[in-house]
Amino acid sequence: MYGEAQISGNSDRTAFRRAEKKYKLFKTSLGRRKSVKPVDLSEVFDFRAILESYNRDGGTPDGIVRHRCGFDLPVFGFEDRPGFYFIPGALSVEEQCHWIKESLLNFPQPPNRTNHTAIYGPIHELFIEAQKKRVLIEADSLDVDVDSTDFDSINANANAPKWQFCEEGCEVPKAGSCRSISACSLLRKLRWSTLGLQFDWSKRNYDVSLPHNKFPETLHQLAKRMAVPAMSEKEEFRPEAAIVNYFGSGDMLGGHLDDMEADWSKPIVSMSLGCKAIFLLGGNSKEDFPVAMFLRSGDIVLMAGQARECFHGVPRIFTDDENAEISPLVSQLSRQDDLCFLDYIRTSRININIRQVF
């Protein structure tokens with residue numbers, strides 16, 4: 001479902017897949033040069049432009065509604081997609097930078113699981129190790145002691161190889177069984193991390209027996225506040241888990257449902273950070289043609305009730321200077337201490353999806 005898209009000749013049979021193919025990043029070769037295939041974006045809804053138009057004359061395009069929910073920010077949606085709420089520019093630039101740093105420094109930290117956990121065990125301070133240009137090497141190849149308790153508490157396979165970071169260029173045995181990978185490569189291959197209650201991707205459910213930290217309090221409070229448009233007056237959103245997705249150039253998130261939570265009336269609160277993306281919102285079947293919209297850094301989407309039954313996905317992120325639209329982030333992260341975060345987010349998108357599990 002996640003990764004660089006490989007759409008086969010038979011995969012465009014559904015309306016959703018045809019839309020994915022329409023907006024997907026394709027590169028064509030011209031000699032030694034590669035160029036990006038142009039894409040028609042004329043049918044993509046732009047809620048920033050819709051907000052600007054609404055502020056000028058109070059109107060919205062056909063099919064778009066302004067939700068009157070007593071919220072302190074403008075909230076839009078689609079007439080034919082009840083339960084879907086779009087809050088353009090919900091996060092300040094300062095808030096965006098804060099959550100970018102949290103997503104890189106703290107959210108992948110054990111006991112939180114990532115897509116690397118099953119192979120390498122818990123990896124501590126991956127972002128910092130990448131800045132140091134260190135290398136992860138099988139600990140069995142080194143004459144070192146490793147705290148196996150730390151690994152075995154989170155690994156499903158207690159016999160899995162143990163890994164340890166070493167300085168770049170450190171001497172390791174030349175045996176063919178020795179494996180290594182740079183921290184920089186691991187960072188660029190980071191695809192997801194989980195907060196609070198841990199999601200077991202192999203079983204597609206939440207496993208309360210897995211070690212986990214309490215859901216981050218500041219994120220808890222932000223999600224509760226942003227979920228208000230999708231909640232009734234007597235209800236309160238209780239964030240218990242989040243999945244953080246990391247996108248690089250050429251990555252996509254295929255059409256799917258978020259259907260593992262017990263109560264679909266409660267919203268998923270989805271925060272966008274970094275490079276601009278296209279988001280597809282379909283119907284109950286992949287045969288329903290989806291609507292496309294831009295997601296920019298700082299936008300928040302809520303999906304509750306009937307919208308939870310709609311297929312959705314991200315077929316494209318824009319990492320080029322002209323279309324990424326991250327100038328405010330570039331200015332905010334221009335200090336020397338922040339350049340490492342800027343270097344990452346220039347060509348990346350981070351999406352934090354917050355859920356009430358029970």
Side-chain angles (χ1 to χ4, degrees), residues 1-27 36-47 50 61-65 76-86 88 115 191-192 199 201 204 230 243-261 264 267-272 275-296 299-319 323 349-353 355:
M1 181 179 71
Y2 186 89
E4 290 197 16
Q6 299 295 329
I7 299 181
S8 67
N10 294 326
S11 64
D12 57 356
R13 291 176 178 174
T14 67
F16 200 99
R17 286 300 184 103
R18 289 195 295 272
E20 287 179 322
K21 190 173 182 178
K22 175 180 179 179
Y23 294 114
K24 176 184 177 290
L25 175 66
F26 286 100
K27 292 184 178 180
V36 175
K37 182 180 178 181
V39 57
D40 180 7
L41 302 175
S42 62
E43 295 181 348
V44 182
F45 283 94
D46 187 338
F47 279 100
I50 290 170
D62 291 342
I64 301 294
V65 295
F76 298 96
F78 296 97
E79 289 180 352
D80 60 351
R81 298 293 197 284
F84 178 83
Y85 305 83
F86 195 112
N115 57 295
R191 291 294 175 260
W192 54 262
F199 190 80
W201 291 87
R204 294 201 76 242
I243 297 175
V244 186
N245 295 121
Y246 303 83
F247 297 79
S249 179
D251 287 344
M252 66 173 290
L253 184 63
H256 66 284
L257 297 175
D258 293 303
D259 55 0
M260 290 298 104
E261 292 72 37
W264 288 11
I268 287 179
V269 180
S270 179
M271 300 165 45
S272 289
C275 294
K276 185 175 71 176
I278 291 177
F279 179 73
L280 297 178
L281 177 64
N284 298 59
S285 166
K286 286 190 175 182
E287 296 297 341
D288 299 322
F289 199 84
V291 292
M293 66 203 80
F294 291 121
L295 282 175
R296 294 181 175 87
D299 291 341
I300 285 183
V301 161
L302 311 176
M303 296 180 68
Q306 293 184 42
R308 290 289 300 267
E309 302 178 39
C310 294
F311 282 91
H312 55 280
V314 178
R316 175 79 171 266
I317 73 164
F318 298 89
T319 58
N323 294 298
R349 174 178 181 262
I350 299 172
N351 182 221
I352 306 175
N353 297 284
R355 299 117 187 280

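These values consider heavy atoms only, across backbone and side chains, with no hydrogens, waters or symmetry-generated copies. We count residues from 1, following the sequence as given.
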Practice prompt. Mind checking salt bridge (charged side-chain N to carboxylate O under 4.0 Å, His left out) for Arg316 and listing every partner two or more places apart, or none if nothing turns up?
Written response: none
Practice prompt. Kindly write out the residues that satisfy salt bridge (charged side-chain N to carboxylate O under 4.0 Å, His left out) with Arg81, not counting sequence neighbours, or none if the list is empty.
Written response: none
Discussion item. Going by the rule side-chain contact (heavy atoms from CB on, under 4.5 Å), which residues pair with Glu79 if we only count those two or more places apart in sequence or in a different chain?
Written reply: Val65
Practice prompt. Output all residues satisfying side-chain contact (heavy atoms from CB on, under 4.5 Å) with Ala230, sequence neighbours left out; order by chain, then residue number.
Written response: Tyr85, Pro267, Leu302, Ala304
Worksheet item: By side-chain hydrogen bond (donor to acceptor under 3.5 Å, both in side chains), which residues pair with Asn115, not counting sequence neighbours?
Response: none
Practice prompt. Sequence neighbours left out, what passes salt bridge (charged side-chain N to carboxylate O under 4.0 Å, His left out) with Asp46? Give chain and number order.
Written response: Arg296
Fill in: Test side-chain contact (heavy atoms from CB on, under 4.5 Å) applied to Ile352 and Asn245, Val269, Ile300, Val244, the passing residue
Val244
Worksheet item: Can you list the residues that meet the side-chain hydrogen bond (donor to acceptor under 3.5 Å, both in side chains) rule with Glu309, with sequence neighbours excluded?
Response: Asn284
Worksheet, complete the sentence: Here the gap from Phe247 atom CZ to Leu253 atom CG, rounded to the nearest 0.5 Å, amounts to 4.5 Å
Worksheet entry | Carboxylate-amine/guanidinium proximity below 4.0 Å for Arg191 and Asp251 | yes
Worksheet item: Is the Phe78 to Phe45 ring centre distance short of 6.0 Å?
Response: yes
Worksheet item: Can you tell me how far NZ of Lys276 sits from CZ of Phe294, rounded to the nearest 0.5 angstrom?
Response: 4.5 Å
Worksheet, complete the sentence: Hits for side-chain hydrogen bond (donor to acceptor under 3.5 Å, both in side chains) against Lys286, two or more places apart or cross-chain, chain-then-number order -> none
Practice prompt. Applying side-chain contact (heavy atoms from CB on, under 4.5 Å), name anything that partners Phe76, two or more places apart in sequence or on another chain.
Written response: Phe47, Ile50, Leu51, Tyr54, Thr60, Ile64, Arg66, Pro74, Pro88
Discussion item. Measuring from atom CZ of Arg355 to atom CE of Met303, what distance do you get when rounded to the nearest 0.5 angstrom?
Written reply: 10.0 Å
Item to complete: Compare all side-chain heavy atoms of Pro290 with those of His312 and state whether any distance is below 4.5 angstrom.
Response: no
Worksheet entry | Residue list, side-chain contact (heavy atoms from CB on, under 4.5 Å) with Asp259, at least two apart or on another chain | Arg204, Leu257, Trp264
Worksheet item: Any side-chain heavy-atom pair from Glu287 and Thr14 closer than 4.5 angstrom?
Response: yes
Fill in: Contact check, side chains of Ile278 and Phe318, non-hydrogen atoms, under 4.5 Å
yes
Discussion item. List the residues meeting salt bridge (charged side-chain N to carboxylate O under 4.0 Å, His left out) with Asp40, not counting sequence neighbours, and say none if there are none.
Written reply: none
Worksheet item: Taking atom SG of Cys310 and atom CG of Leu280, what is their separation to the nearest 0.5 Å?
Response: 12.5 Å
Fill in: From Leu295, Val291, Val44, residue fulfilling side-chain contact (heavy atoms from CB on, under 4.5 Å) relative to Phe279
Leu295
Discussion item. Tell me if a side-chain donor or acceptor on Asn351 pairs with a main-chain N or O of Met271 at a distance below 3.5 Å.
Written reply: yes
Item to complete: Go through the structure and list residues passing ring pair (Phe, Tyr, Trp, His ring centres under 6.0 Å) with Phe199, not counting sequence neighbours.
Response: Trp201, Tyr206
Practice prompt. Please report the closest heavy-atom contact between Tyr23 and Ala292, naming both atoms and the distance.
Written response: CE1-CB, 3.8 Å
Item to complete: Return yes if some donor-acceptor pair links the side-chain N/O of Glu20 with the main-chain N/O of Gly255 below 3.5 Å, else return no.
Response: yes
Worksheet, complete the sentence: Closest non-hydrogen atoms of Ile317 and Ser249, given as atom of the first, atom of the second and distance, are CD1-N, 4.1 Å
